[in-house]
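The structure appears right after this line, and notes come after that.
Keep in mind that this is a model prediction, so the values were computed, not measured.
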Amino acid sequence: MTGIEELLSSRIRDVADYPEPGVMFKDITPLLADPAAFGALTDALADVATRTGATKIVGLEARGFILGAPVAVRAGLGFIPVRKAGKLPGATLSQTYDLEYGSAEIEVHAEDLSAGDRVLVVDDVLATGGTAEASLQLIRRAGAEVAGVTVLMELGFLGGRARLEPALAGAPLDALLTI
């Protein structure tokens with residue numbers, strides 16, 4: 001484990017049986033409360049943005065906003081929020097995706113992405129990959145190019161990487177931690 005991995009891992013708290021019995025929730029709020037750890041995380045994700053040649057950062061609601069906005073500032077890039085349906089005013093593009101039980105929908109402002117943009121998706125966790133996959137579809141429908149996806153942690157046992165790889169079409173998927 002590298003120094004950054006040790007620092008980040010040491011600031012993520014396990015919460016048993018949340019949000020339901022049998023689930024071990026990975027709480028990142030202690031990491032966010034530690035300025036050194038949050039700064040190191042922001043630097044590491046901004047390095048990914050630079051390496052991928054991103055011109056904009058998309059943050060996925062809601063923790064992707066917390067991570068993506070400072071990454072965009074640090075890397076000198078624009079930040080675009082991808083929100084749950086009905087939360088953005090004005091003209092939006094929307095994408096529906098399947099969940100384990102049912103479906104969900106995300107949206108982005110139609111004018112925020114365009115041809116020539118290289119977009120890096122930032123989120124806290126890659127779990128099953130459904131939201132990330134839908135965000136890649138939105139980015140491409142807006143005419144932009146996918147620079148990649150980067151997350152603080154990947155829950156490898158949930159298979160999100162395998163689901164996401166076809167939608168990445170060769171763009172990189174970076175996880176700072178894999179659990």
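- Listed by chain and number, the residues in a side chain to side chain contact (heavy atoms under 4.5 Å, CB included) with Asp14 are Met24, Lys26 (sequence neighbours excluded).
- Taken to the nearest 0.5 Å, the CG atom of Asp123 stands 10.5 Å off from the CG atom of Leu45.
- When the side chain to side chain contact (heavy atoms under 4.5 Å, CB included) test is applied to Tyr97, the partners found at least two apart in sequence or on another chain are Leu99, Ala104, Ile106, Thr131, Ala134.
- Between Ile80 and Val119 the shortest side-chain heavy-atom distance does not fall below 4.5 Å.
- Under a 4.0 Å N-O distance rule, the pair Glu107/Arg83 does not qualify as a salt bridge.
- Within the 4.5 Å cutoff, the side chain of Asp117 has no heavy atoms near those of the Asp112 side chain.
- Pairs engaging residues 24-48 under the ring pair (Phe, Tyr, Trp, His ring centres under 6.0 Å) rule: Tyr18-Phe25 [sequence neighbours left out].
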Using a 3.5 Å cut-off and no angle test, enumerate the donor-acceptor pairs between side-chain atoms of residues 146-156 and protein atoms at least two apart in sequence or in another chain.
from, atom 1, to, atom 2, distance (Å)
Thr150, OG1, Asp174, O, 3.3
Glu154, OE1, Arg161, NE, 3.2
Glu154, OE1, Arg161, NH2, 2.8
Glu154, OE2, Arg161, NE, 3.1

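- The shortest side-chain heavy-atom distance between Ile4 and Leu176 does not fall under the 4.5 Å cut-off.
- Shown here are the side chain to side chain contact (heavy atoms under 4.5 Å, CB included) partners of Glu111, two or more places apart in sequence or in another chain: His109.
- By the 4.5 Å heavy-atom criterion applied to side chains, Ile12 and Leu177 are counted as neighbours.
- With sequence neighbours left out, Ala75 forms a side chain to side chain contact (heavy atoms under 4.5 Å, CB included) with Ala46, Ala49, Leu77.
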